[in-house]
Protein chains: 2
Amino acid sequence: MASLREVAERAGVSTAAASRALRDRPGVSRETRSRVRQAARELGYQPDLRARSLRTSRTHNIGLVVPDVMNPFFSEVARAVGDVAGQREYSLLLGNSDGLRNKEEEFVNLLLQKKVDGLIVFAATSASQHLERARARGLPIVLIDRKVPGLDIIRADNEKGGTLATSHLLDLGHTRIGLITGRLDLATRRDRYNGYRYALIRAGITPDPTLVREGSVRSDHGYGAALDLLNLPAPPTAIFATTDTIAMGVLLALEERSVPVPEEMAVVGYDNTYLTVICRPRLTSVAQPKQQMGRWAATFLIDWIEQGRADGDEPVEVVLDPQLVVRESTMPGVRALQGRDLPLSGVGRSGS
Amino acid sequence: MASLREVAERAGVSTAAASRALRDRPGVSRETRSRVRQAARELGYQPDLRARSLRTSRTHNIGLVVPDVMNPFFSEVARAVGDVAGQREYSLLLGNSDGLRNKEEEFVNLLLQKKVDGLIVFAATSASQHLERARARGLPIVLIDRKVPGLDIIRADNEKGGTLATSHLLDLGHTRIGLITGRLDLATRRDRYNGYRYALIRAGITPDPTLVREGSVRSDHGYGAALDLLNLPAPPTAIFATTDTIAMGVLLALEERSVPVPEEMAVVGYDNTYLTVICRPRLTSVAQPKQQMGRWAATFLIDWIEQGRADGDEPVEVVLDPQLVVRESTMPGVRALQGRDLPLSGVGRSGS
DNA sequence: CGGGTTGACGGAATCGTTTGCGCTTCCTAA
DNA sequence: TTAGGAAGCGCAAACGATTCCGTCAACCCG
């Protein structure tokens, strides 16, 4: 309500002095400073951050674009990003792209007009002219899980993850391993797929395309595709679902068909979300360091915003190692997380 | 990059004319308009929304304060709020309060300084001077699931929900019913508790305080409290967990102790998040219309922002009816959601 | 005593818009 | 012919901060 001018008037000084006084800048005497402070307190003065930002060209807002906050994977990363941002005095403008190119583009453009200081964007589409344009305008952008030449990115090694999952199944003696995945036009999914193929080939097994089901990452696709695989003349003995959400659908299908897991069908998921310990059997899954990814992305972005770049715009690519977390869906009796570990982040809190 | 002035210069008109031209305001001739448009296109002009907002005192940003986006309940409501906001051309500034009073207050103050057009705040603490202050400054605020005199609110009828859950258990023949809940200083939780007591009393049963466990809403509390109840000389035969997340911990404890659910222990949760159909046995839960709550809150808030209020500031309280969704954790074999319904929102999508 | 340094402060421009108001110009109707 | 209206347009004042730069007084020192 009260503006700087009113504060200045009440303290009997100019707005320039008042501004300096309130922000502890030099050029104001001791007593003037306290007089201004006093006036500000009396008026309940709060600076108008958008006016400040107009002048300083810093909004202290960063944009975060995710496909869908409702997905446990994204909400966990989003949470980590939000925490770091909050600590460093930035706010988050959040948008869901639903993996749709035009939604993402529209939102990014809006954020540009709102003059965010930086952008964190999740894998959505592979096309990305709007991102390159934004980058060209000097906007700091960090990508998560999406590779675009010339842009900075943090991602987990998805090919390695795919190999990890597949090798685990191979080690258990499986040779016919099905793959259920979202659309393969996205680099990260393609990588997982390649990792799967690589592991098979390395083990001397020719990948069998009839065991691969491409679709969405929704659990209903997992459900349908799993039934589909079961109906094959020679069904697989194990399924690698490239997403925990898909795996949920797979488990449901197997349960309905009374196929014992892991005895007659082993299942591996990906992302290691908290879903893995809620379902039964508990799901073996490839873990990405979600928190770390979020925290790193936010930290890197904000450092970039505040200190510029030391490396002369050389695009950075951080690749993190995935890790396999073995649970009951591949090895009977293995729990991986004991009882008291349950309050995994995310299922930890509620409130309504 | 390009400002309105540059556009105006290039088109050979004043910024005033340019502004009017670009926003389709009257007072500009046909040809001037198209000349300005042309210039804008050539320069790739995008209006600076923060400058506009400084002048118009509308930021088209709204603040959303939730305890924790990682919680399925909140992320679903947040998603609904975001969708409505997006459609109506508002962006979301998101913050997590962790149910902590000072975090919430700090964030709300920041949003005030950033001059959001309105605020949607979830139940966190019961204290709320900062909210009243903000409201007094004329800021539109809608509360979800928290009652503060004088402020507008949308909530589900938690007392009724508590009664629903408890009566269901009573109908099944249970008489010793445990309650595991988060801290009762929050009105919504207290309401559920009261509903529980009410149902018992109505059935002629004296509520037994030794069957009540107050703590956090994390699943570990559910886990510990359930074990605790099992160790009682006369343990309950049913447990009402006032949150699905708590119920997850309860189910785990029962599984570890090999207590068959629902035969020897029935369990009811609350919120009807997608967790309920992933766990085994599937969880009976009280459903709140999450989407509807989010959509209504956003719609009401934005209408308020844009059209003011017709009702002369008479605070509105919308109370929605909860609904019991029965599943296997109380009645053997009952699924409530069939296979093809699985892709419940939230588990539906993924992406990484 | 004079010149130079230092520190406190204010004026005014600026960030990029929107908009009230007044000035032209031109058209039309009496 | 002229009054009156309407349409098109620009000036300049906002919105609320930050900041460059100049002024002024006080002070120190040789």
Side-chain angles (χ1 to χ4, degrees), chain A residues 1-37 39-40 43-61 89 110-117 137-139, chain B residues 1-37 39-40 43-61 89 110-117 137-139:
Chain A
M1 287 248 79
S3 74
L4 184 61
R5 211 181 48 183
E6 304 178 61
V7 173
E9 275 169 9
R10 172 176 264 257
V13 296
S14 71
T15 63
S19 173
R20 282 187 283 251
L22 292 174
R23 284 172 314 125
D24 259 334
R25 285 268 182 300
V28 198
S29 71
R30 219 168 189 53
E31 55 236 291
T32 306
R33 195 179 299 278
S34 71
R35 202 146 29 89
V36 172
R37 288 256 168 83
L43 292 173
Y45 169 74
Q46 305 270 89
D48 182 323
L49 262 27
R50 60 200 205 298
R52 170 181 297 173
S53 107
L54 195 57
R55 193 53 236 261
T56 62
S57 60
R58 280 280 141 88
T59 56
H60 274 258
N61 286 151
E89 318 235 65
L110 187 61
L111 291 176
L112 286 186
Q113 295 190 41
K114 297 213 173 184
K115 294 286 185 288
V116 290
D117 291 340
R137 290 196 187 188
L139 188 71
Chain B
M1 290 245 77
S3 74
L4 184 61
R5 209 181 50 181
E6 303 178 59
V7 173
E9 274 169 10
R10 173 175 263 257
V13 297
S14 70
T15 63
S19 173
R20 284 187 278 252
L22 291 174
R23 284 172 313 125
D24 259 333
R25 284 270 181 300
V28 197
S29 72
R30 219 169 189 53
E31 54 234 295
T32 305
R33 194 178 299 278
S34 70
R35 203 147 29 88
V36 171
R37 288 255 169 84
L43 292 174
Y45 170 73
Q46 303 269 91
D48 182 324
L49 263 28
R50 62 198 203 300
R52 171 180 297 173
S53 108
L54 194 56
R55 191 54 235 258
T56 62
S57 61
R58 280 280 141 87
T59 57
H60 274 258
N61 286 152
E89 317 236 65
L110 187 61
L111 291 176
L112 286 186
Q113 296 189 42
K114 297 215 172 182
K115 294 285 185 286
V116 290
D117 291 340
R137 289 197 188 186
L139 187 72

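The sequence lines fix the lettering, A, B, ..., with proteins before strands; numbering per chain opens at 1. Please read these numbers as outputs of a predicted model, since none were measured by experiment.
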[X] [atom1] to [N] [atom2]: how many Å, rounded?
X      : N       : atom1 : atom2 : result
M1(A)  : dC15(D) : CE    : C1'   : 13 Å
L22(A) : dT18(D) : CG    : C1'   : 12 Å
L4(B)  : dC15(C) : CG    : P     : 13 Å
R35(B) : dG8(D)  : CZ    : P     : 13 Å
E6(B)  : dC15(C) : CD    : P     : 10 Å
D24(B) : dG8(D)  : CG    : P     : 13 Å
E9(A)  : dG11(C) : CD    : P     : 12 Å
R5(A)  : dG11(C) : CZ    : P     : 13 Å

Open item on the list: Does anything in residues 49-59 of chain A come within less than 4.0 Å of DNA chain C? Heavy atoms only, and list the residues if so.
Closed with: L54(A), R55(A)

Sub-4.5 Å side-chain heavy-atom contact between [X] and [Y]:
X      : Y       : result
D48(B) : Q113(A) : no
S53(B) : R58(B)  : no
R10(B) : L43(B)  : yes

Look at the side-chain N and O atoms of [X] and state whether any lies under 4.0 Å from the OP1 or OP2 oxygen of [N].
X      : N       : result
R23(B) : dT19(C) : yes
S14(A) : dG11(C) : no
S3(A)  : dG16(D) : no
R30(A) : dG7(C)  : no

Return the nearest nucleotide to the side chain of [X]; candidates are [options].
X      : options                   : result
P47(A) : dT19(C), dC9(D), dA17(D)  : dA17(D)
D48(B) : dG16(C), dA12(D), dG10(C) : dG16(C)
S29(A) : dG11(C), dT19(C), dA8(C)  : dA8(C)

Task: Atom of D117(B), atom of S57(B) and distance for their closest heavy-atom approach - done: OD1-O, 4.4 Å

TODO: Using heavy atoms to find the nearest nucleotide of DNA chain C for T15(B) and V28(A) separately, return the residue whose nucleotide is more 5′.
DONE: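 Whichever sits nearer the 5' end wins; that is V28(A).
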
Open item on the list: Over all strands shown, is Q113(A) touching base, sugar-phosphate only, or nothing at heavy-atom distances under 4.0 angstrom?
Closed with: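 It contacts nothing in the nucleic acid.
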
Open item on the list: Base, sugar-phosphate or nothing for A17(B)? Non-hydrogen atoms, less than 4.0 Å.
Closed with: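 Counting heavy atoms under 4.0 Å across all strands, the contact made by A17(B) is with sugar-phosphate only.
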
- [ ] For the residue pair S34(B) and R30(B), confirm or rule out a side-chain donor-acceptor distance under 3.5 Å.
- [x] no

- [ ] Walk me through it: do K115(A) and Q46(B) pass the test side-chain contact (heavy atoms from CB on, under 4.5 Å)?
- [x] CA-CA 11 Å; K115(A) 294 286 185 288; Q46(B) 303 269 91; 5.8 Å; no

Open item on the list: Would the base of dG10(C) count as contacting R20(A) through its side chain, where contact means a donor and an acceptor less than 3.5 Å apart?
Closed with: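 Looking at the base of dG10(C), it does pair with a donor or acceptor on the side chain of R20(A) (distance under 3.5 Å).
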
Open item on the list: So that I can tick it off, tell me whether R33(A) and D24(A) are bridged by a salt bridge, with the cut-off set at under 4.0 angstrom between side-chain N and carboxylate O.
Closed with: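 Judged by the 4.0 Å cut-off on N to carboxylate O distance, D24(A) and R33(A) do form a salt bridge.
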
Open item on the list: Name the residue from V36(B), V28(B), T32(B) that meets the side-chain contact (heavy atoms from CB on, under 4.5 Å) definition with R20(B).
Closed with: V28(B)

